[in-house]
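One-based numbering along the sequence shown. Counting starts at 1 for both ligands and their atoms, in listed order.
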Amino acid sequence: MDYRKLNEWITEMANLCKPDRIHFCDGSQDEYNRLLEEQVRANKAIRLNPDKRPSSYAFFSDPSDVARVENRTFISSVLEENAGPTNNWIDPKILKPKMEKLFSGAMKGRTMYVIPFVMGPVGATIAQYGIQLTDSPYVVCNMRIMTRMGEHILDIIESGKDFVPCLHSVGYPLDGRPDVPWPSAPIEDKYIAHFPEERLIWSYGSGYGGNALLGKKCLALRVASKIGREEGFMAEHMLILKLTNPEGKSKFILGAFPSACGKTNLAMLLPTIPGWRVETVGDDIAWIFKKDDGKLYAINPEKGFFGVAKGTSYKTNYNAMKSIEKNTIFTNVAITEDNDVYWEGMDETPIKAMNWKKQPWTITDREPAAHPNSRFTVSIEQAPNLAKEYDDKEGVLISAILVGGRRASTIPLVTEAYDFNHGVFMGSMMGSEITAAQISNDIGKVRRDPFAMLPFIGYHIKDYFQHWFDMKQGTKEEDLPKIYYVNWFRKNDKGEFLWPGFGDNSRILKWIFERQEGTRKGIETPIGIMPRKEDLDLSGLKLTDEAFDELFKVDKNAWMDELDDLYRYYQSLGEVPQELYDELIKVKERLLK
Ligand code: OXD
Ligand code: MN
């Protein structure tokens, strides 16, 4: 939206939503503290034990509002074909009036907060400005951690930056009824709506995470992916890490993995091989752009972590645990008797706790104490392994991109693509096997999630693939990042993981680093280049020859089935670029040779 329309838009939205008050957020620490304390007094949050977890708070959502709601998320493009087969589409002519009705009076009895924010370091060429209007003080506090927000951003917008208008309401007006600890609307009234042509976001009915912190998935992925398609950059669901070898040389590596597949863990990894260091630039979103030298660079548009708490411990992710020792907002975790946090997979299990539903819980209970999607929100600046480049508007040069999902079979531990097109093909085939954790008739089948972007592409997926190929135009193959398919999750026939993962993934990062340096070998296989045992640094790791062979096995029949399935997947998407079919055929021919 044109920056000159800012006040008009705010007034119009206030007239629609009818809040009792409007508050322009200055983004200060005082404001943040005050809002949190107000929520404690209103029984919406608890302050954690200051001796154990200083300046930290816990919130508990309504049990019906615990995660992103993909079936209530819409790409409301003017034409259905522009949303493509992977998005929910509603005609904006139908959706807008429907949502206007919902927004009408939705903020009665509440304050409308005006949050000026920017995704990306201030001054980055592809930084995107936004204004979120919300009636949730929880959202204000989380946005302050997750984005660069406040008065100074409003000044920049007013001095001439167009912005993405983002309207949000929890959908629980207070006309004559008391407030509840976590207001939200019933599922059938929830709408997480994107109007990509207008670069507009409307979110109604949920206060949780990616549904409500509109800078994150809605702006930095869905809307930015569309802007990027038009303006020549890419908005990707990727971590960014800085890997430094014992000689002090660094490279930046991106990684696309679906939600809850360990992006935060990889971005914060403590290497088990001596002398190597991993520092964090980002753990969830990367924007990729080209500079005059023809090379690809990345920035992290966010400024904080909205990480999955469950499973995080000093053993699995030391740096994350250090990051959340203070100044953290927790959501849907359990609370110990001494008023600290607990979740399944943390280092010690308490005998008794209060669970995320605020009910008494004991160690013998069957139900987990914390919700599986319990979260921490914390500033990236609290990461002990923060890379100094995290706030650099110039971005970081991308050496390699990892893609991967959870695959119990077929996919080897690591495979290097022969070239960029082959790498894009690898990204297109990403997916995870459907497990008993999902209610489905398709257990064992692969659910494809290309580049982990399935829920986040704001336009037609065939054009998304085309955009990858377009990005390489004008760049020499050797200047493009190398793409690697990794799979930390392969299992043996007893169902046990073959690879220890976590810190030991540094062994794979080291091979990738040294491949770029030209000092490491690998062998050519039908599906890509793989290390032999002697090519990997496995010192200090007990890995049997059988396990190694199993980790890198290319089962010809399984791969032929995989390619057939992938072919059918491409067909189901409409006209995907010919380059993908070409790569599929090349792999098939190499397998049959
Ligand atoms: C996600 C997230 O759901 O990062 O991917 O929250
Ligand atoms: Mn994510």
Atom nearest to the Mn ion (ligand 2) - H237, N, O or S atoms considered:
NE2
Side-chain (R375) to main-chain (F306) donor-acceptor, under 3.5 angstrom
yes
Atom 4 (O) of ligand 1 [closest protein heavy-atom partner, distance rounded to 0.1 Å]
K217 NZ, 3.0 Å
Strictly by modelled atom types, are D65 and W182 linked by a side-chain donor-acceptor pair under 3.5 Å?
yes
The Mn ion (ligand 2) contact by K217, N, O or S atom under 2.8 Å
yes
Determine, for K357 against E367, whether the closest basic-nitrogen to carboxylate-oxygen distance falls under 4.0 angstrom.
yes
Atom 3 (O) of ligand 1 has as its nearest protein heavy atom R68 NE, 2.8 Å
Heteroatom of D284 nearest to the Mn ion (ligand 2) (N, O or S, atom name)
OD1
Relative to atom 5 (O) of ligand 1, which among C261, S259, G307 owns the nearest non-hydrogen atom?
S259
Using a 4.0 Å heavy-atom threshold (strictly under), name the region of E302 that reaches ligand 1: side chain, backbone, both or neither.
neither
So the atoms of ligand 1 within less than 4.0 Å of a heavy atom of H237 turn out to be 5 (O)
I want to check a possible cation-pi pair here: R406 against F489, using under 6.0 Å from ring centre and within 45° of the ring axis as the test.
yes
Under 4.0 Å from a heavy atom of D284: give me the atoms of ligand 1 that qualify, with their elements.
4 (O)
Nearest protein heavy-atom contact for atom 6 (O) of ligand 1: which residue, which atom, what distance?
R375 NH1, 3.0 Å
How about K358: does its NZ atom have over 12 heavy atoms from other parts shown lying under 6.0 Å from it?
yes
Ion pair E433/K445, N-O distance below 4.0 Å
no
K310 and H371: side-chain donor and acceptor closer than 3.5 Å?
no
